[in-house]
2 protein chains.
Amino acid sequence: MQNMTAPDLPRNCDDCPIRHRAVCARCETDELARLEEIKYYRSYEAGQTIVWSGDRMEFVGSVVKGVASLTQAMEDGRTQMVGLLLPSDFVGRPGRETAAYDVVATTGVVMCCFRKKPFEDMMLRTPHIAQRLLEMTLDELDAAREWMLVLGRKTAREKIASLLSIIARRDVTLNLGKAAGPMEFDLPLTREAMADYLGLTLETVSRQINALKRDGVIDLTGKRHVTVPDFDRLAEEAGDDSDGGMLS
Amino acid sequence: MQNMTAPDLPRNCDDCPIRHRAVCARCETDELARLEEIKYYRSYEAGQTIVWSGDRMEFVGSVVKGVASLTQAMEDGRTQMVGLLLPSDFVGRPGRETAAYDVVATTGVVMCCFRKKPFEDMMLRTPHIAQRLLEMTLDELDAAREWMLVLGRKTAREKIASLLSIIARRDVTLNLGKAAGPMEFDLPLTREAMADYLGLTLETVSRQINALKRDGVIDLTGKRHVTVPDFDRLAEEAGDDSDGGMLS
DNA sequence: TATCGTCATTGATACAGATCAAGCGCGCGA
DNA sequence: TCGCGCGCTTGATCTGTATCAATGACGATA
């Protein structure tokens with residue numbers, strides 16, 4: 001529900017900072033012209049709901065800037081975040097009529113949107129897009145399952161370390177990995193949002209973050225800026241298998 | 001690692017009890033001939049590991065009979081089941097080289113397998129298969145995310161009710177829903193397997209199951225056979241939104 | 001029929017994390 | 001500059017589930 005033509009929004013794929021990873025990476029093919037026709041950018045303020053669960057979805061797209069979250073709630077208010085959407089992540093289910101979860105802008109967000117129907121038509125015409133989508137969906141599935149282990153079996157401290165580790169890793173990949181040396185990033189989530197992601201209360205999140213700080217695993221500047229002096233140490237705290245991580 | 005030609009294994013799609021839902025449902029197309037060439041059936045005993053995490057995958061396929069589970073373990077032994085594979089569920093990741101999780105036969109299992117490479121080739125040639133796979137993967141993703149809510153926010157009692165409710169529902173759909181009246185089914189999981197699925201200990205599982213029995217939500221015959229006199233009551237115990245359930 | 005092994009139940013106790021309750025710090029609008 | 005609200009921290013206490021430890025039920029095997 002935001003202005004669709006704000007002056008600072010990207011105009012086309014060349015301005016799109018995520019073209020190296022997301023669907024619009026394919027813009028270099030001859031489908032470019034068609035893609036541009038059905039594509040637009042849109043921005044949302046922190047706290048705004050981008051999509052309501054159950055609503056008819058009129059677009060699919062990628063997060064270009066900012067952080068959004070996929071959220072599921074029970075009647076009594078208990079809330080579980082089921083996905084963290086960082087820049088380059090895809091939103092929407094081609095072939096599905098309605099949204100299954102709320103999508104909420106956690107920070108200010110810029111989305112790269114494709115109108116759904118023409119996007120699906122193009123998908124039918126262009127096999128590599130369907131394959132790319134399958135690949136991305138499998139990635140999401142892996143992420144969801146990794147998170148099931150976190151939610152089901154890890155302690156509060158391990159949960160926090162897991163979250164920090166994921167955010168740090170994502171941050172580095174997006175900024176073209178400057179491997180060694182301390183990593184730094186800003187937490188894009190409030191303590192409450194972290195709690196909803198981790199299946200904890202915000203008090204426990206606060207206590208464990210400060211415990212990790214006391215123990216020298218992380219350093220905090222203010223309440224949101226995190227420095228990780230030794231990523232391996234953090235990964236160890238997260239209980240991750242210490243095989244270095246990356247596969248293939 | 002089991003005989004591939006046991007006399008009781010299905011021979012082709014006409015014998016395959018799940019053709020209405022899984023990939024081989026497409027056998028009716030002119031791809032049938034090619035599919036038959038690359039397809040075979042295989043059986044596993046309860047407890048056998050069908051695929052080891054990290055192994056090269058040589059096939060994809062569907063569960064035809066029995067129950068298998070996708071499992072992830074930490075170094076110290078903590079274990080989380082990340083997927084429950086019931087008949088008609090698909091196993092394997094087209095486009096991925098190695099398996100991400102252990103696949104373990106929980107009961108005796110019959111799989112309908114396709115050799116991976118030719119299956120992938122066929123996928124490239126046959127767009128509707130890629131689309132069917134995307135659809136199935138999206139279903140799995142939804143299931144995984146629903147389970148994240150269970151793991152992150154539900155109480156032990158709600159977790160048990162959720163699991164029973166899922167199994168009951170699946171059982172009915174497969175057996176062509178005889179809607180009303182008490183539902184009955186056998187638990188295909190030990191208490192320990194349930195615990196690993198729910199992020200609990202086996203003692204807690206045992207206590208909560210018996211609590212549900214005491215409260216009349218379910219009835220137990222022996223240790224494994226469950227009768228659900230009132231499914232809505234069970235769904236309520238699971239904390240599910242009481243909108244009847246099905247979408248679309 | 002005795003014995004063993006696996007799966008499940010049940011009880012006593014410990015503890016991680018939830019809950020309840022202040023209070024702090026900082027940005028923002030008046 | 002003052003208050004006000006929101007995000008966060010910190011403390012005290014409570015509780016749901018884990019943990020530890022027997023015991024029971026049943027099927028398989030000899």
Side-chain angles (χ1 to χ4, degrees), chain A residues 45-47 67 74 76-80 104 106-107 150-164 186-215 218-226 237 239, chain B residues 45-48 67 74 76-80 104 106-108 150-164 186-215 218-226 237 239:
Chain A
E45 289 163 20
V67 178
M74 295 173 66
D76 61 8
R78 279 177 286 176
T79 292
Q80 178 66 49
V104 183
T106 298
T107 65
V150 172
L151 290 173
R153 289 303 186 195
K154 292 194 177 178
T155 65
R157 183 184 176 100
E158 289 168 335
K159 284 177 174 183
I160 298 286
S162 298
L163 178 58
L164 294 177
D186 282 309
L187 283 174
L189 303 173
T190 64
R191 301 290 185 260
E192 188 180 20
M194 290 188 246
D196 283 341
Y197 198 30
L198 296 166
L200 299 169
T201 59
L202 63 92
E203 293 95 330
T204 299
V205 169
S206 175
R207 281 187 247 266
Q208 296 297 338
I209 285 182
N210 289 309
L212 287 176
K213 177 181 177 180
R214 267 197 307 283
D215 299 345
I218 59 171
D219 202 18
L220 275 182
T221 315
K223 291 165 190 321
R224 295 292 192 90
H225 191 81
V226 178
E237 289 284 351
Chain B
E45 288 164 20
Q48 249 189 313
V67 178
M74 295 173 67
D76 62 7
R78 280 177 285 175
T79 293
Q80 178 65 50
V104 183
T106 298
T107 64
V150 172
L151 290 172
R153 290 303 187 194
K154 292 195 179 178
T155 64
R157 174 186 256 249
E158 288 168 335
K159 284 177 173 181
I160 298 287
S162 298
L163 178 58
L164 294 177
D186 281 308
L187 283 174
L189 303 173
T190 64
R191 302 288 186 259
E192 187 180 21
M194 289 189 246
D196 284 342
Y197 198 31
L198 296 166
L200 298 169
T201 60
L202 64 90
E203 293 94 331
T204 299
V205 169
S206 176
R207 282 187 246 268
Q208 296 298 336
I209 285 183
N210 289 307
L212 287 176
K213 178 182 177 179
R214 267 196 308 284
D215 298 347
I218 59 171
D219 203 16
L220 275 183
T221 313
K223 292 164 190 322
R224 295 292 193 89
H225 191 81
V226 178
E237 289 284 350

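In what follows, every chain begins at residue 1, and chains take the letters A, B, ... in the order their sequences are listed.
Between the side chain of Gln80(B) and the backbone N or O of Tyr197(B), at least one donor-acceptor pair lies under 3.5 Å. Not one N or O on the side chain of Arg191(B) forms a donor-acceptor pair closer than 3.5 Å with the backbone of Val205(B). Counting only distance, with no hydrogens or angles, the side chain of Thr221(B) and the backbone of Asp219(B) share no donor-acceptor pair below 3.5 Å.
The nearest whole Å value for the distance from the CD1 atom in Ile160(A) to the C1' atom in dC8(D) is 13 Å. In this structure, the CG atom of Leu202(A) is 10 Å from the P atom of dT19(C), given to the nearest Å. What separates CD of Glu158(A) from P of dG17(C) is a distance of 9 Å, to the nearest Å. With rounding to whole Å, Lys159(A) atom NZ is found 9 Å from dG17(C) atom C1'. The CD-P distance, from Glu192(B) to dA8(C), rounds to 9 Å in whole Å. What separates NZ of Lys223(A) from P of dG25(C) is a distance of 8 Å, to the nearest Å. As a whole-Å value, the separation of Leu187(A) CG from dC8(D) C1' is 13 Å. One interatomic measurement links the two molecules: CD1 of Ile209(B) to P of dC7(C), which rounds to 15 Å at whole-angstrom precision.
Between Lys223(B) and Asp186(B) there is no salt bridge, since no side-chain N of the basic residue sits under 4.0 Å from a carboxylate O of the acidic one. In this structure, Arg78(B) pairs ionically with Glu158(A), as a charged nitrogen and a carboxylate oxygen lie closer than 4.0 Å.
Residue Glu192(A) places its CD atom among 12 or fewer non-hydrogen atoms of other residues, nucleotides or ligands, all under 6.0 Å distant.
Under 4.0 angstrom from either OP1 or OP2 of dC8(D) there lies at least one side-chain N or O belonging to Arg224(A).
Of all heavy-atom pairs spanning Ala211(A) and Arg157(A), the tightest one is CB-NH1, 4.1 Å. Scanning both residues, Lys159(B) and Val150(B), for their nearest heavy atoms gives CE-O, 3.4 Å.
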Summary of protein contacts for nucleotides 14-21 of chain D, nucleotide by nucleotide, where a base hit scores B, a sugar-phosphate-only hit scores S (4.0 Å, heavy atoms): ---SSBB-
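By the salt bridge (charged side-chain N to carboxylate O under 4.0 Å, His left out) test, Arg153(B) pairs with Asp196(A), sequence neighbours left out.
Comparing the local axis fitted to the first five base pairs of the helix from dT1(C)-dA30(D) to dA30(C)-dT1(D) with the one fitted to its last five gives a bend of 30°, rounded to 10°.
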